[in-house]
Amino acid sequence: MLFEDLKLSNSIQKAVFELGYLEPTPIQQQAIPLVLEGRDLIGCAQTGTGKTAAFAIPIIHQLHRIVGSSKKAKQIRALVVTPTRELAVQIGQNFDQYGKYTNLTQLTIFGGVSQVPQVDVLRKGVDVLIATPGRLLDLHKQGFIDLDHLHALVLDEADQMLDMGFVNDVKKIVKLTPNNRQTLLFSATMPIAIRELAEMFLKNPATVSVSPVSSTAENVTQQVYFVDKTEKRNLLYHLIKNDNLSDVLVFSRTKHGADNVVKALRKNGIAAEAIHGDKSQNARQRVLDAFKRKEVGVLVATDIAARGIDIDQLPYVINFDLPNIPETYVHRIGRTGRAGNGGIAISFCSKDEHGYWKDIQKLIKVDVETISNHPYPWHEGTPETASSPQKNSNRSGGAHKSRKSENAKQNKKRWY
């Protein structure tokens, strides 16, 4: 199927063609016709599969038909609720791109910045509102947001909104919208709590599930290093320095841990920045922009903050800390190997995380290559799987092959 085969307006066809969209991704191919039919929808797909376009394009098509060239005051007819500023900005940019040849307008609102510019635009009127939950409820309470004319409600990254404690805010927001709205719920994972949420707010929804959460991209090379917990920062520096890595996204389990990793890398001349919930909204955006411009070679992020990172050519993802939820591993490494590009996903596993790694392996069912010959292995032995690379492993054939032990000994040093 080609985009031109979808029943979309010429204005949208022109916009997506200029963006280089020829064939819709699987979730777009399945979701767009259902949204155009007016169905409520539950969409489950990994990051990088085109979820935003799957709801933004048909919404723009529908609103363009409704609004047309009307000179009447604009009213909010579509609302997209998403957990973080980074995601909101990204979605707003997508709406601008897909709707560039329509007369639709969008506004992105979020907390952590002055509300004055946002309120000024709201007073003029917009067709599409993209918002984080807190700022949306705040401005509605102040009387600046009217959702009585809403046609479509999108709950994006629903699992992360749940994890961030936004579930009550989401329930409040839904109650502010008309009962005859169309509701679309998108999520990278679909835990029971999200299914229960969908049952509350969606009417006879269609379900689209693409790339099950247990699957990892075939073009992502996965490797694991069994490393002593106290040596993780040494190993990270060793890999970055020896293999001259850049454009590296490093995942830390905690905000404090992310800051410590950045501090250690900077101390040794590595341009690194952290992005997490304790950073101000403006600071997070500046860091993300600097990383995209390649002014920062290493970005250390927590899972929630990383949801707003949308980079097609990201060659390296490193799990400095393993996630305790196996599905999160799939989501993390899905940050690389996007848009047909290859990528390398490296995981550091300490003894206290070995149970997490076993759970991850059960989920993904992939033989991950073990790099055992490195300067910082577990003390007092390593697990069976660390003795040698597993058969049929996912190898890169590149710079991350294990070093000779002689070189490893020479390179082993404490640097933090």
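These numbers come from a predicted model, not from an experiment.
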Quick one: do D259 and H276 satisfy side chain to side chain donor-acceptor pair (under 3.5 Å)? Show the steps, please. CA-CA 9 Å; D259 287 335; H276 54 65; 3.0 Å; yes
Assess the residue pair I173 and L155 against the criterion (side-chain contact (heavy atoms from CB on, under 4.5 Å)); give the C-alpha distance rounded to whole Å, side-chain angles, the decisive distance to 0.1 Å, and a yes or no. CA-CA 10 Å; I173 291 167; L155 304 177; 5.8 Å; no
If you apply the rule ring-ring contact (aromatic ring centres under 6.0 Å, His included), what do you find for F17 with F3, and how did you get there? CA-CA 8 Å; F17 178 77; F3 259 103; over 10 Å; no
Steps toward side chain to side chain donor-acceptor pair (under 3.5 Å) verdict (Q222, Y329): CA-CA 11 Å; Q222 300 176 62; Y329 171 86; 2.6 Å; yes
Apply the test side-chain contact (heavy atoms from CB on, under 4.5 Å) to residues V154 and L79: give CA-CA distance (whole Å), side-chain angles for both, the deciding distance (0.1 Å), then the verdict. CA-CA 6 Å; V154 181; L79 170 64; over 6 Å; no
Kindly determine whether E353 and K232 satisfy salt bridge (Lys or Arg N to Asp or Glu O under 4.0 Å), including the steps that lead there. CA-CA 12 Å; E353 296 173 314; K232 281 189 175 184; 2.7 Å; yes
What's the verdict on side-chain contact (heavy atoms from CB on, under 4.5 Å) for E369 and V224, showing C-alpha distance, side-chain angles and the deciding distance? CA-CA 6 Å; E369 180 184 11; V224 61; over 6 Å; no
side-chain contact (heavy atoms from CB on, under 4.5 Å) between Q106 and V80, worked out: CA-CA 10 Å; Q106 69 86 14; V80 182; over 6 Å; no
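Between the side chains of H256 and N260, at least one donor N or O sits under 3.5 Å from an acceptor N or O. Between the side chains of Y225 and E231, no donor N or O sits under 3.5 Å from an acceptor N or O. Between the side chains of Q182 and R39, no donor-acceptor pair of N or O atoms lies under 3.5 Å. There is no side-chain donor-acceptor pair under 3.5 Å between D146 and Q75. Residues Q223 and T221 have side chains that never bring a donor and an acceptor to within less than 3.5 angstrom of each other. With hydrogens and angles left out, the side-chain atoms of Q97 and E18 include no donor and acceptor closer than 3.5 Å.
Look at D156 and K51 and you find no salt bridge, because none of the NZ, NE, NH1 or NH2 atoms lies under 4.0 Å from a carboxylate O.
For T102 (side chain) and L104 (main-chain N/O), a donor-acceptor pair under 3.5 Å exists by modelled atom type. In this structure a side-chain-to-backbone donor-acceptor pair under 3.5 Å is missing from T132 to G134. D5 places a side-chain N or O within 3.5 Å of a backbone atom of L2 that can act as its donor or acceptor partner. Panel note: side chain S252, backbone A258; a donor-acceptor pair is recorded below 3.5 Å. Between the W378 side chain and the C349 main chain, a donor and an acceptor come within less than 3.5 Å of each other. Distance alone, capped at 3.5 Å, places no donor-acceptor pair between the Q118 side chain and the Q115 backbone. Using a distance-only test at 3.5 Å, with no hydrogens or angles considered, no donor-acceptor pair links the side chain of S187 to the main chain of M190. Checking side-chain atoms of R85 against main-chain N and O of G112 turns up no donor-acceptor pair under 3.5 Å. Using modelled atom types, one side-chain atom of D321 and one backbone atom of R253 make a donor-acceptor pair closer than 3.5 Å. Looking at Q361, its side chain never comes within 3.5 Å of a backbone N or O of K358 through a donor-acceptor pair.
To the nearest 0.5 Å, atom OG of residue S9 and atom CZ of residue R65 are 9.5 Å apart. Distance check, rounded to the nearest 0.5 Å: OG1 of T84 to CE of M161 gives 10.0 Å.
Scanning both residues, V296 and A271, for their nearest heavy atoms gives CG1-O, 3.6 Å. Minimum heavy-atom separation, P326 to D359: CG-CB, 3.8 Å. The two residues F186 and L184 have their closest heavy-atom pair at CE1-CB, 3.8 Å. Residues V220 and I333 approach most closely at CG2-O, 4.2 Å, considering heavy atoms. The two atoms that bring Y316 and T336 nearest to each other are N-OG1, 4.1 Å, heavy atoms only. Across all their heavy atoms, P83 and P133 have their closest contact at CA-CD, 4.4 Å.
With contacts defined as side-chain heavy-atom distances shorter than 4.5 Å, the pair V89/F110 qualifies. Between I76 and D127, the closest side-chain pair of non-hydrogen atoms is not below 4.5 Å. Using a 4.5 Å heavy-atom cutoff, the side chains of Y98 and Y21 are in contact. Side chains of F201 and R181 form a contact here, defined as non-hydrogen atoms less than 4.5 Å apart. Taking 4.5 Å as the limit, every side-chain heavy atom of I91 sits out of range of all side-chain heavy atoms of T108. Residues V174 and T183 have side chains not in contact (no heavy-atom distance under 4.5 Å, counting atoms from C-beta outward). Between V208 and L41 the shortest side-chain heavy-atom distance falls below 4.5 Å. At a threshold of 4.5 Å between non-hydrogen side-chain atoms, the residues I240 and L265 count as touching.
Of the candidates V248, V227, V250, L236 forms a side-chain contact (heavy atoms from CB on, under 4.5 Å) with just one, namely V250. Of the residues I109, L122, V121, the one that meets the side-chain contact (heavy atoms from CB on, under 4.5 Å) test with F144 is L122. Residue E273 is tested with R266, K292, R293 for a salt bridge (charged side-chain N to carboxylate O under 4.0 Å, His left out); the sole match is R266.
Ring to ring, F251 and F320 are not that close: their centroids are 6.0 angstrom or more apart.
Qualifying side chain to side chain contact (heavy atoms under 4.5 Å, CB included) partners for P205, counting only residues two or more places apart in sequence or in other chains: D40, I42, L202.
No more than 12 heavy atoms of other residues, nucleotides or ligands shown are found within 6.0 angstrom of CD1 on I192. Annotation for N179: atom CG does not count as buried by contact number, only 12 or fewer foreign heavy atoms lying within 6.0 Å.
Taking the six-membered ring where the residue is Trp, F95 and F55 present tilted rings, their angle falling between 30° and 60°.
In this structure, K14 satisfies the cation-pi test against Y101, with its NZ or CZ atom closer than 6.0 Å to the six-membered ring centre and inside 45 degrees of the ring normal.
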